[in-house]
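A short write-up of the structure that comes next.
A note on names: the letters A, B, ... follow the listed sequences, proteins ahead of strands, and every chain is numbered from 1.
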Amino acid sequence: MSNVIVTLPNGDKKETPQGTRIADFVKNSIGAGLAKAAVFAKLNGAEVDLSRAIDADASLQIFTSKNPEALEVARHDAAHVVADAVQQLFPGTQVTIGPTIEEGFYYDFFREKPFTPEELEQIEKRANEIVQKDVAFVREEVSPEAAVKLFEGKGEKFKIEIIHDIVNKGAKTLTLYKHGDWVDFCLGPHGPSTGKIGVIKILSSSGAYWRGDAKNPMLQRIYGIAFFDQKALDAWSKQKEEAAKRDHRRLGKDLDLFHFHPFAPGSAFWSPKGTALYTTLQGFMRKLALDSGYVEIKTPLLFNKGLWEISGHWDKYQDNMFLVKDSESGELTYGLKPMNCPSHYLYFAMKKHSYRDLPMRLHTQDVLHRNEAQGALSGLTRVRQFAQDDAHIFCTEDQIGSEVSRFVKLLDQVYGAFGLTYQAKLSTRPEKRIGSDEFWDKAENGLKVALESMKVEYELKPGDGAFYGPKIDFDVSDSIGRKWQLGTVQLDYNAAQRFELSYIGEDNKEHRPVVLHRAIYGSFERFIAILIEHFAGAFPTWLAPVQAIIVTVADRQLEYANSLKAKLGAEGFRVEVDDRGLSMQKKIAEAQVQKIPFTLVIGDREVETNAVAPRRYGGADLKAMPFDEFAALFRKEANWPTGAAPKPA
RNA sequence: GCCGACGUAGCUCAGUGGUAGAGCAACUGAUUCGUAAUCAGUAGGUCCCCGGUUCAAGCCCGGGCGUCGGCUCCA
């Protein structure tokens, strides 16, 4: 048998007999240490098991528990182990699919009864026993017929359905993975044995429709996660706890920002503090938008269905709309607006426009209602009543590029003010679309140039645009690394036709404007939820509902304290005096719990010298200083990042 | 909407069929204090709602409402 040449990532070339298994090659030609740590490999870039033979000259890359890719493989291994455990404990349960997901894995089972928490504990225990036994994973290639026969024998109807689907797509051979007696039909790759997994934790269970379709049977999904060792699991659990402490629903209560009532599910009550936050964000956005050439308008909340028929909402979106009865006819004649776009189109069409009016940038922060499914509601992130920092830009095709640039600049400024970083995704023309290629060229190019001129890195998503135009979505990363899709700018070639919008061009003829939909916060509600979690409730001074609280050592300093409050209050700052009959220490403690940026301690010394003794949230004790000195320092942080004084909406 | 878990004082939570509890918050009184929690006392609940089982229900059963975790990131 001849030798083949294996090229390693560092460029080294090694010879080995043709047909050598990767595991053996690593052990003999590289080192026993790596062989022991290896989880899977890439052979010529394709993910494979270590048991795979090297049949020809190839490049080889070994992945160990140090590589994130290996952890994903181990979690896929864990999904198999969990399925094995379930079928051991609950014979008759059918398996379906068990992929890895962003955080862990799941496995869907078909079974009449949902898993109880006790059963999940048993499953976790059994799964970890299988890990301890360190059973080897064995890969096998079989014909579709053999695979069907195998799973028919086991009564695995869902597996057979999957096999048929795959065969219909042209697959000739299928792969099976066995560990011990348990076998699953699976692409792989898998690690060498169950022992590599380390530790499996079952997280939760829930119902999930087969193939995500409510018409299909309901499956029982088990979520889990796996790590190479207990230490990594503990670290992950701890991180989870930390994230839970930031939960905006938790902090919303603790900091008294907002509340919900069963009579208004999905619609928040905002406390004075929450309202301060809300209106600050509104005012900030308003200021920046106006500075960027927008005009603000308000439009009706309630519209006759005639509008929704034109916009298409009556056909396509009615289930998500709140309809209102006309008390005279008894008919559901009206609908609460779920979006601002149609009313902006109506507004645009109310006057005849010249090309000189363009671009026209309409900004609106009106309240919107969407009837979200009961089970979809969640804190402030998924609500039925909310407001967007919405705007529509009406422009000519030639203005697309400069308008998108202007928007990206604004967006950059806004996210920067909150210390949020972002990534852009550009979605281009799909196969089914309207509009000429010329339009799409101009539109996509406008988006691209805008991103490039702003030096924004972006991911290209070819074919992912809407049928009526391309778009850019912006994912922001918060302080603990989570990603949220927030901003968007979407070109719309369709709206102007539907609503017969036009302007008179230089040529004295009618033209259709292009519409850009765009938002930066997305919705105020969801954005506030994200900010609460991003800052863990400790808002920067300019945003904080209470920016400074004054604590006196004794009641005799209250008069002076109130005079300071009045001075700062007159400048638009949110300052309070804690005049309750509590000890100074207690008041300071509470100010910390409430995460108020500045606590100003006032004793006889400060009164005598017209000073304050400020303390920052977190405990940094600034030395006593003249009030004017403090005020200058405070203004810098308490003013909006634009430098403007805080004059909320 | 569907599956599951949960719903007890303003908040966080104990309470597995036999007289509804704690801590914090609130209120009253005393204390006026120099940078993270002064002391004592008082009050506070239709145990989410409706119905059922039982001598007896916060607890068991059924229905409703709400909250939470999920409901195609490809074998």
Phosphate OP1/OP2 of [N] contacted by [X] side-chain N/O (<4.0 Å):
{"X": "K215(A)", "N": "G1(B)", "answer": "no"}
{"X": "R250(A)", "N": "C11(B)", "answer": "no"}
{"X": "S583(A)", "N": "U38(B)", "answer": "yes"}
{"X": "R615(A)", "N": "A36(B)", "answer": "yes"}

Roughly how many Å is it from [atom1] in [X] to [atom2] in [N], rounded to a whole number?
{"X": "K595(A)", "N": "A36(B)", "atom1": "NZ", "atom2": "C1'", "value": "14 Å"}
{"X": "L582(A)", "N": "G34(B)", "atom1": "CG", "atom2": "C1'", "value": "16 Å"}
{"X": "F269(A)", "N": "G10(B)", "atom1": "CZ", "atom2": "P", "value": "16 Å"}
{"X": "I588(A)", "N": "U38(B)", "atom1": "CD1", "atom2": "P", "value": "11 Å"}
{"X": "L120(A)", "N": "C3(B)", "atom1": "CG", "atom2": "P", "value": "18 Å"}
{"X": "Q585(A)", "N": "U31(B)", "atom1": "CD", "atom2": "C1'", "value": "12 Å"}
{"X": "I123(A)", "N": "G4(B)", "atom1": "CD1", "atom2": "C1'", "value": "14 Å"}
{"X": "Q220(A)", "N": "A5(B)", "atom1": "CD", "atom2": "P", "value": "11 Å"}

We want to know whether [X] and [Y] form a side-chain donor-acceptor pair, criterion being a heavy-atom distance below 3.5 angstrom.
{"X": "D77(A)", "Y": "Y177(A)", "value": "no"}
{"X": "R211(A)", "Y": "Y209(A)", "value": "no"}
{"X": "W484(A)", "Y": "D475(A)", "value": "no"}
{"X": "Q87(A)", "Y": "E156(A)", "value": "yes"}

Checklist entry - Given side chains that start at C-beta, do those of I166(A) and I163(A) come closer than 4.5 Å, heavy atoms only? => result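 They are not in contact (no side-chain heavy atoms under 4.5 Å apart), so the answer is no.
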
When we call it a touch if two heavy atoms are under 4.0 Å apart, what does [X] touch: a base, just sugar-phosphate, or nothing?
{"X": "E156(A)", "answer": "nothing"}
{"X": "R111(A)", "answer": "nothing"}
{"X": "R580(A)", "answer": "sugar-phosphate"}
{"X": "A214(A)", "answer": "nothing"}
{"X": "R556(A)", "answer": "sugar-phosphate"}
{"X": "A147(A)", "answer": "nothing"}
{"X": "K253(A)", "answer": "sugar-phosphate"}
{"X": "D604(A)", "answer": "base"}

Both distances below 3.5 Å, Watson-Crick or wobble geometry, any strand: find the nucleotide opposite [N].
{"N": "C13(B)", "result": "G21(B)"}
{"N": "C33(B)", "result": "none"}
{"N": "G58(B)", "result": "none"}
{"N": "U67(B)", "result": "A5(B)"}
{"N": "U72(B)", "result": "none"}
{"N": "C27(B)", "result": "G41(B)"}
{"N": "U46(B)", "result": "none"}

Integer angstrom distance from the [atom1] of [N] to that of [M]:
{"N": "C47(B)", "M": "A22(B)", "atom1": "C1'", "value": "16 Å"}
{"N": "G52(B)", "M": "C39(B)", "atom1": "P", "value": "50 Å"}
{"N": "A36(B)", "M": "C27(B)", "atom1": "C1'", "value": "24 Å"}
{"N": "G51(B)", "M": "U16(B)", "atom1": "C1'", "value": "23 Å"}
{"N": "G69(B)", "M": "G29(B)", "atom1": "P", "value": "44 Å"}
{"N": "G1(B)", "M": "U12(B)", "atom1": "P", "value": "25 Å"}
{"N": "U42(B)", "M": "A5(B)", "atom1": "C1'", "value": "38 Å"}
{"N": "G23(B)", "M": "G4(B)", "atom1": "P", "value": "38 Å"}

Item to check | Option among R249(A), H248(A), K245(A) that satisfies the side-chain hydrogen bond (donor to acceptor under 3.5 Å, both in side chains) test with E533(A) | outcome: H248(A)

Checklist entry - Would E119(A) and R111(A) pass as an ion pair if we require N to O under 4.0 Å? => result yes

Item to check | Pair R246(A) + E241(A): basic N to acidic O under 4.0 Å | outcome: no

Next on the checklist: Could you check whether the side chain of Q557(A) and the base of G34(B) have a donor-acceptor pair of N or O atoms closer than 3.5 Å, going by distance alone?
Outcome noted: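 No.
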
Checklist outcome for this item: Against the side chain of P114(A), the closest entry in U32(B), G34(B), C3(B) is C3(B)

Item to check | Nearest-neighbour nucleotide for the A554(A) side chain, A36(B), U32(B), U35(B) considered | outcome: U32(B)

Item to check | Exam field: side chain T175(A) to backbone C186(A), donor-acceptor pair closer than 3.5 Å | outcome: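 Looks like yes, one N/O pair under 3.5 Å.
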
Next on the checklist: Closer than 3.5 angstrom, by distance alone: can the side chain of Q547(A) be matched with the main-chain N or O of V575(A) as a donor-acceptor pair?
Outcome noted: no

Next on the checklist: Return a single string for nucleotides 64-75 of chain B, one symbol per nucleotide in 5' to 3' order, where B is base contact, S is sugar-phosphate-only contact and - is none, cutoff 4.0 angstrom on heavy atoms.
Outcome noted: --SSSBBBBBSB

Checklist entry - Given Q318(A) and W308(A), is the side-chain hydrogen bond (donor to acceptor under 3.5 Å, both in side chains) satisfied, shown in steps? => result CA-CA 9 Å; Q318(A) 202 183 113; W308(A) 309 119; over 6 Å; no

